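Heads up: the structure comes next, in structure tokens.
Chain letters run A, B, ... following the sequence lines, proteins first and then strands; every chain starts at 1. Bear in mind the structure is a predicted one, so any value in this text is a computation, not a measurement.
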Amino acid sequence: MASNIVLTLPDGSTRDVVSGTRAAEVAAAIGKGLAKAAVAARLDGEWIDLERPIEHAGALEIITDASPDGREVLRHSTAHVMAQAVTDLFPGARYAIGPAIEDGFYYDFELPDGARFTDEDLPRIEARMQEIVKAAQPFVREEVARDEGLERFSDQPYKREIIERVDASEVGEGSVISVYRNPRSGNDDFVDLCRGPHVPTTKRLGSFKLTKVAGAYWRGDEHGPQLQRIYGTAWESKKALEEHLHRLEEAERRDHRKLGVELDLFSFPEEIGSGLAVFHPKGALVRKIMEDYSRERHEAGGYSFVNSPHITKEQLFQTSGHLDWFADGMFPPMHVDEGSGEGTKYYLKPMNCPFHILIFRSRLRSYRELPLRMFEFGSVYRYEKSGVVHGLTRVRGMTQDDAHIFCSKEEMPQELGSLLDFVLELLRDFGLEDFYLELSTKPPDKAVGTDEEWEEATAALRAAAERAGLELVLDEGGGAFYGPKISVQARDAIGRTWQLSTIQVDFQMPQRFELEYVGADNERHRPIMIHRALFGAIERFFGILVEHYAGAFPVWLAPVQVAVLPVADRHEAYATRLVDRLRAEGVRVEHVAAHSDGLGARVRRAKLEKVPYVLVVGDEDADAGTVGVNVRGSEEPERGVAVDDLVERVRAAVLTHA
RNA sequence: GCCGGGGUAGCUCAGUCGGUAGAGCAGCUCACUCGUAAUGAGCAGGCCAGGGGUUCGAGUCCCCUCCCCGGCUCCA
């Protein structure tokens with residue numbers, strides 16, 4: 001006998017329904033639009049299918065297709081459809097896991113006889129998927145006992161492993177597992193192990209595209225079997241799919257590797273080696289401006305500048321511990337002075353800290369010197385694995401804007417607070433505005449330092465972060481073994497996030513190097529050390545800025561701020577005077593003479609080079625002492641602008657970092 | 001490091017069945033002297049990533065190395 005139950009909706013209203021009512025019916029009762037947009041539901045926070053009968057009272061939420069949750073359902077269901085298509089087209093294929101991810105989904109497969117997917121397979125799979133969508137197969141949920149599940153997936157070892165693992169860790173002995181069945185004409189339905197929920201039928205899907213095929217390890221284990229992963233993207237409508245593909249194109253347009261070539265900023269000559277960049281004159285100029293500005297700010301911020309060499313004897317990295325836990329990330333040693341004996345091993349440095357520590361330790365330090373802040377643009381070399389190097393954002397040779405702060409335990413909270421302010425201010429000066437912070441705390445298993453020290457340092461970092469008033473994400477247990485850290489994440493112009501600065505408290509190094517200072521009490525104390533980099537690496541930050549600005553650097557950073565284009569040869573004298581004047585005002589100006597190309601061609605080239613101000617000077621300007629100004633990003637050039645006004649505009653743009 | 005795809009002129013790319021290398025842009029020269037996104041003509045430009053092999057003959061087929069791209073793992 002069905003009884004009535006009360007469902008509470010997110011707006012607080014209630015619905016009195018017969019027990020066994022399905023979420024789809026509730027949605028339909030609320031409105032046509034909602035029913036159409038619904039893809040799944042949540043009852044008391046638990047995901048359920050629209051078609052699943054609701055047996056008890058609770059809070060019901062209808063999940064709609066264009067919401068983050070709704071898209072997750074669409075994507076996950078699309079992943080199932082892809083698995084069905086693949087098993088159709090590649091008999092014997094084993095399927096492993098296929099979750100929804102940001103903007104899409106993937107599914108991992110193992111093909112018989114070690115076969116591999118190629119890019120040419122994707123259109124075939126897509127076509128088959130569209131057939132499945134057209135067939136409007138329902139997703140039917142079934143709950144089966146663990147043993148039956150194992151049996152049903154007898155030819156699917158990865159599924160069996162999931163069942164065994166889930167059973168042991170999450171659900172417990174004897175519990176049921178859920179599977180989803182897609183009935184189809186023919187006799188063998190496609191069945192996948194899945195916790196759900198799914199859309200009611202495949203008809204709800206269709207706005208998807210398979211994007212790439214790649215290798216992936218089973219359960220992310222480098223030593224486990226390597227599977228074939230197919231990635232796709234899926235959306236609630238064709239329009240949303242198109243918009244997503246357009247965003248990908250936009251990101252591609254901003255790719256710093258492409259712009260680096262086009263704007264003649266940097267390159268990676270094959271002759272030098274993987275992940276080793278050279279900066280061309282224009283790129284090096286931008287970099288110099290970045291470095292000069294950083295130095296200026298550090299000088300004002302109470303930092304001392306230091307310098308250290310690129311290589312060192314093995315012993316230093318033994319003392320620091322790098323050779324114990326970071327040897328894989330270091331270039332192999334050089335052997336020198338090997339005449340008759342063993343000689344000496346030297347290493348390229350992967351980090352600057354040991355050098356700064358030696359400077360601290362070069363003489364006895366007083367508490368009066370603390371906090372002692374040592375800054376260096378320190379070049380380091382890391383042996384990044386061959387598959388991970390990526391443009392300027394992941395390189396093997398880089399220069400860090402590195403500093404190490406030695407302070408007393410008592411000074412630490414204050415120092416961390418002002419440090420975070422300093423970091424954020426500098427990043428804002430480079431046009432990044434949108435940040436959030438990540439706080440990484442003590443790893444559960446292995447850590448140096450006492451619990452008390454960790455708590456103290458973590459609390460100090462947290463206080464600094466909270467005072468900054470930014471969103472704070474907790475990365476529980478994600479700290480390095482030697483201390484907690486804050487990392488600053490920045491969102492760029494198209495919403496991508498980049499990890500930039502890190503502020504890391506270190507209990508380990510002062511101990512290993514037995515650092516001390518003499519306190520006011522005339523006793524010796526161990527200082528706290530703070531590692532911090534603002535840009536992270538200059539190369540990487542440079543790459544991020546290129547993408548953030550899509551190559552159109554703000555005036556203060558632009559390698560060429562003004563281009564002067566005389567209309568014809570007879571205006572060369574006036575143009576030269578103008579260029580000299582601007583140069584004298586400190587403006588970075590390029591004179592593009594009239595003798596070879598037409599004016600239109602020269603304007604075009606300057607525009608493609610993303611020069612902020614393109615000045616055209618002709619008869620009228622020579623007579624009146626004015627310039628024609630074509631500002632980057634504007635359609636209409638201005639005529640008859642007084643040179644003084646132009647100089648003032650450039651100067652103002654530089655000062656405000658506009 | 002692993003899986004997959006690649007490497008042809010400075011850049012973007014074509015190159016058939018294994019038969020001896022091609023375009024556009026950029027560069028250089030000349031002409032044009034022009035008011036806001038491509039003036040025209042001509043010239044030059046290549047160890048087809050490098051090495052080895054198969055073959056009468058290799059950009060093309062095979063092997064090794066280097067480098068790049070997309071992922072995985074990694075990012076202390």
Report, one pair per line, the protein and nucleotides 6-10 of chain B atoms (nitrogen or oxygen only) whose separation is under 3.5 Å.
none

Quiz item: When the C1' atoms of A38(B) and C25(B) are considered, how many whole Å apart are they?
Solution: 10 Å

Exercise. Classify the side chain of Tyr383(A) and the base of G1(B) as holding, or not holding, a donor-acceptor pair under 3.5 Å.
Key: no

Quiz item: Residues from residues 628-639 of chain A sitting under 4.0 Å of RNA chain B, heavy atoms only?
Solution: Gly628(A), Asn630(A), Pro637(A), Arg639(A)

Quiz item: Can you tell me how far C1' of U36(B) sits from CZ of Arg605(A), to the nearest Å?
Solution: 14 Å

Practice problem: Would you please say whether a donor-acceptor pair under 3.5 Å links the side chains of His591(A) and Glu572(A)? | Solution: yes

Quiz item: Does a donor on one side chain sit under 3.5 Å from an acceptor on the other, for His280(A) and Ser267(A)?
Solution: yes

Quiz item: NA contact type, Asp619(A), heavy-atom cut-off 4.0 Å: base, sugar-phosphate, or nothing?
Solution: base

Practice problem: Please determine, for the side chain of Val388(A), which listed nucleotide (C67(B), C72(B), C75(B)) has the closest atom? | Solution: C72(B)

Quiz item: Which part of the nucleic acid, if any, lies within contact of Gly275(A), taking any heavy atom under 4.0 Å across all strands shown: a base, the sugar-phosphate backbone alone, or nothing?
Solution: sugar-phosphate

Quiz item: Using a cut-off of 4.0 Å on non-hydrogen atoms, how would the nucleic acid contact of Gln499(A) be classed: base, sugar-phosphate, or nothing?
Solution: nothing

Practice problem: Write down the distance separating the C1' atoms in C17(B) and U12(B), rounded off to the nearest Å. | Solution: 28 Å

Exercise. For Tyr574(A) and Gly625(A), work out which heavy atoms get closest and say how close.
Key: OH-C, 3.1 Å

Exercise. Give Asp221(A) one of three labels, base, sugar-phosphate or nothing, depending on what nucleic acid heavy atoms sit under 4.0 Å from its own.
Key: nothing

Quiz item: Between Thr399(A) and Ser379(A), does any side-chain donor sit less than 3.5 Å from a side-chain acceptor?
Solution: yes

Practice problem: Looking at every strand, decide which applies to Phe268(A) at a 4.0 Å heavy-atom threshold: base, sugar-phosphate, or nothing. | Solution: nothing

Practice problem: Identify which nucleotide among G35(B), U73(B), C68(B) has an atom closest to any side-chain atom of Leu599(A), counting heavy atoms from C-beta outward. | Solution: G35(B)

Quiz item: So what does His595(A) touch, heavy atoms closer than 4.0 Å: a base, only the sugar-phosphate, or nothing?
Solution: base

Quiz prompt | Interatomic distance where OH belongs to Tyr107(A) and C1' belongs to G71(B) [whole Å] | solution = 19 Å

Quiz prompt | Candidates Arg540(A), Arg496(A), Arg253(A) - the one meeting salt bridge (charged side-chain N to carboxylate O under 4.0 Å, His left out) with Glu547(A) | solution = Arg496(A)

Quiz item: If you look at every strand shown and take non-hydrogen atoms under 4.0 Å, does Gly618(A) touch a base, only sugar-phosphate, or nothing?
Solution: base

Practice problem: Determine the interplanar angle of the Tyr381(A) and His310(A) rings, folded into 0 to 90°, and report it as parallel if under 30°, tilted if 30 to 60°, perpendicular if over 60°. | Solution: tilted

Practice problem: Using a 4.0 Å heavy-atom cut-off across all strands, classify Ser274(A) as base, sugar-phosphate, or nothing. | Solution: sugar-phosphate

Practice problem: Provide, to the nearest angstrom, the distance between the CD1 atom belonging to Ile101(A) and the P atom belonging to G71(B). | Solution: 10 Å

Quiz item: Is the centre of the Phe360(A) ring less than 6.0 Å from the centre of the Phe513(A) ring?
Solution: no

Exercise. Write down the distance separating the C1' atoms in C30(B) and G46(B), rounded off to the nearest Å.
Key: 26 Å

Quiz item: Just by modelled atom types, is the Gln561(A) backbone N or O under 3.5 Å from a matching donor or acceptor in the Arg588(A) side chain?
Solution: no

Quiz item: Of the candidate nucleotides G35(B), U33(B), C72(B), which contains the atom at the shortest distance from the side chain of Arg229(A)?
Solution: C72(B)

Practice problem: Tell me yes or no: between the side chains of Trp218(A) and Asp108(A), is some donor less than 3.5 Å from an acceptor? | Solution: no

Quiz item: Does the C74(B) base have a donor-acceptor partner in the side chain of Arg394(A) within less than 3.5 Å?
Solution: yes

Self-check item: C64(B) and G57(B), which share atom name C1', separated by this distance in whole Å
Solution: 23 Å

Quiz item: What is the distance, rounded to the nearest whole Å, between atom CG of Asp264(A) and atom C1' of G27(B)?
Solution: 13 Å

